[in-house]
Amino acid sequence: MNLLVMGLQWGDEGKGKAIDYLAENFHVVVRYQGGHNAGHTIYHDGRKMVLHLLPSGVFSPGTMSVIGNGVVVNPLQLVEELRDLESAGVEIRDFWISDRAPLILPFHQKLDIVFEQSRYLKIGTTRRGIGPAYEDLVGRRALFVGDLLDADRFKRKAAILNEYYNRLVHAYGAEGTEVGDYAQAYLEAGEFLRSYVTDTTQLLNRCLRDERQILLEGAQGALLDINHGTYPFVTSSNSTVGGVFTGTGLPYGAITRITGIAKAYATRVGEGPFPSELNGAKAQWLRDKGGEFGATTGRPRRVGWLDLVALRYAVMINGVQSLFLTKLDILDGLDPIPVVHAYRLDGKEVKEFNPTVEFLEKAQPLTRELAGWKGSVSDVRSYGELPAEAKDYIRFIEEAVGIPVEFVSVGSARHQTIRRKLKS
Ligand code: IMP
């Protein structure tokens, strides 16, 4: 089985933990989109580790980890992450990175920051240069990981692009960058990475032919997708299912199952519409209880109730077959538990999501209050042992989105996961 695991909300659904739990059953774990804007938190041997670029499978010995051509790569960040893992005693054995992954260069980050500081284009990005790097790919002027392996080629291409960016940032009154200030560091990172760089499209297709089990690891979430998310408050890649094909070179039939990750409530970082958002004391309570602070930026996350209208949309556009519900334990002791089951728009009840800002700004959330449970679910290991109210909550979600909840996470450790046997 080749499994796609993807976030169904605005990122931060707990994908790191879910993928770490699932990865041991797979031979290969692949990242296919996004960059170091992602932050996947994993508790490994009792220690909190945050991965930004490396696939979460790096903690499972015997698993191949691959960064596909769809990921934008800051090589300095990647080298730092590899070194940090080595010093934490994690051996990096079978790791590969695409020679065709676009590079993030210092001027990308510079422009990202300049745009964020301007009044017109504030998205609340992670300021890592993700958007400008993807723009260069589409603009047919990108540099790639493979360019790091040839110093002359790297410097020649970087000089042209650097000049282009300097014109842009100068127009915004900001200081430019000089190739001489970063070329050495980038080329050294290239030397460090040289033995890991390969044609991952051929590698992954060989794995497919050899029937090695592949886990595809999504970053961000479906509602941050550049085409299907809450544009313009989105990331610059396809975090929906299509990103797998463009970001790996694997063919359509390669995915045999899609499991979507959804948190038992909702969060969002950055700007943009969020119909089920909470404010005030309740928001503070949920944020603190859920530890909702960004893994990449440390920013406090916006929090709200689970939005089943949005979740149904994410399930629909991706063909998700089962859910991995995370952080159920955070709702311990909350009674009642509100869930958004529809919106009111222009006096009518609406159950179909539309990702436009115009629609979402008008959408008033309609909530249903479900009974909460007493005590904690964090020590529960089988579905049958969950309190009746927790099972009712799960059933309500399943009925609303039309697919089963296959996994329930009740704590941050790998073993705090309930797996349900599904009939089909
Ligand atoms: P960018 O990806 O840095 O360009 O940011 C664009 C939007 O996506 C912003 O709202 C970010 O907060 C959001 N975003 C990017 N990566 C993540 C993530 O891994 N988790 C949650 N939000 C993210």
Side-chain angles (χ1 to χ4, degrees), residues 5-19 31-42 50-56 67 70-74 77 81 102 104-105 107-118 120-138 217-240 243 247 260-263 265-274 277 287 290-304 310 314 326-327 355 357 360:
V5 180
M6 57 178 305
L8 298 180
Q9 294 157 315
W10 282 284
D12 308 314
E13 297 91 353
K15 289 184 292 295
K17 136 102 199 225
I19 291 161
R31 271 210 50 194
Y32 55 88
Q33 47 77 224
H36 66 311
N37 48 351
H40 290 177
T41 307
I42 291 165
V50 182
L51 296 178
H52 297 284
L53 263 174
L54 285 167
S56 305
I67 294 181
V71 176
V72 282
V73 174
N74 177 330
Q77 165 70 31
E81 218 165 286
I104 298 183
L105 289 135
F107 42 74
H108 291 132
Q109 184 168 17
K110 185 109 204 181
L111 192 69
D112 198 357
I113 293 171
V114 167
F115 276 176
E116 280 295 297
Q117 285 167 345
S118 78
Y120 315 104
L121 296 157
K122 194 168 163 46
I123 303 292
T125 74
T126 59
R127 300 184 172 212
R128 301 291 194 269
I130 306 294
Y134 276 117
E135 280 176 47
D136 280 350
L137 176 69
V138 179
E217 171 177 358
Q220 288 84 44
L223 303 176
L224 287 173
D225 182 275
I226 183 75
N227 292 104
H228 301 288
T230 52
Y231 193 93
F233 303 102
V234 291
T235 191
S236 295
S237 63
N238 282 118
S239 48
T240 51
I261 320 276
K263 197 141 57 176
Y265 50 95
T267 60
R268 165 160 214 171
V269 274
E271 310 295 317
F274 184 3
E277 184 168 17
R287 184 178 302 115
E292 296 297 349
F293 299 88
T296 297
T297 58
R299 288 182 286 180
R301 295 178 184 143
R302 298 159 65 193
V303 296
T326 59
K327 291 193 149 182
V357 171
L360 292 172

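What you are looking at is a predicted structure, and each value in this text was computed from that prediction instead of being measured. Every number for a ligand or one of its atoms is a count from 1 in the order of the listing.
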### Message
Heavy-atom count check: over 12 atoms from other residues, nucleotides or ligands less than 6.0 Å from Y231 OH?
### Response
no
### Query
Closer than 4.0 angstrom: is that true for some heavy atom of F233 and an atom of ligand 1?
no
### Task
Say whether R299 and ligand 1 are in contact under the criterion: heavy-atom distance to a ligand atom below 4.0 Å.
yes
Could you tell me whether the side chain of [X] and the main chain of [Y] form a donor-acceptor pair under 3.5 Å?
X: R302; Y: G272; value: yes
X: E13; Y: G11; value: yes
X: Q33; Y: G247; value: no
X: Q9; Y: K263; value: yes

Should [X] be counted as touching ligand 1, given the test is an N or O pair under 3.5 Å?
X: Q220; result: yes
X: T125; result: no
X: E271; result: no
X: S236; result: no

When you measure from [atom] to every protein heavy atom, which one gives the shortest distance, and what is it?
atom: atom 2 (O) of ligand 1; result: T235 OG1, 2.6 Å
atom: atom 22 (N) of ligand 1; result: V269 CG2, 3.3 Å
atom: atom 20 (N) of ligand 1; result: D12 OD1, 3.2 Å
atom: atom 9 (C) of ligand 1; result: G124 O, 3.2 Å

### Query
Counting heavy atoms only, which of T267, V234, T126 comes nearest to atom 6 (C) of ligand 1?
V234
### Query
Under 4.5 Å between any side-chain heavy atoms of I130 and T235, yes or no?
yes
### Query
Can you tell if the side chain of Q220 reaches within under 4.5 Å of the side chain of N37, non-hydrogen atoms only?
yes
### Task
Measure L224 to ligand 1 on non-hydrogen atoms and call it side chain, backbone, both or neither using the 4.0 Å cut-off.
side chain
### Query
After noting the C-alpha distance and the side-chain angles of K17 and T41, does the key distance pass the side chain to side chain contact (heavy atoms under 4.5 Å, CB included) rule?
CA-CA 7 Å; K17 136 102 199 225; T41 307; over 6 Å; no
### Message
Less than 3.5 Å apart, any donor N or O on the side chain of T240 or D225 sitting next to an acceptor on the other?
### Response
yes
### Task
List every atom of ligand 1 that sits less than 4.0 Å from any heavy atom of W10, numbering the atoms from 1 in the order shown and giving each element.
21 (C), 22 (N)
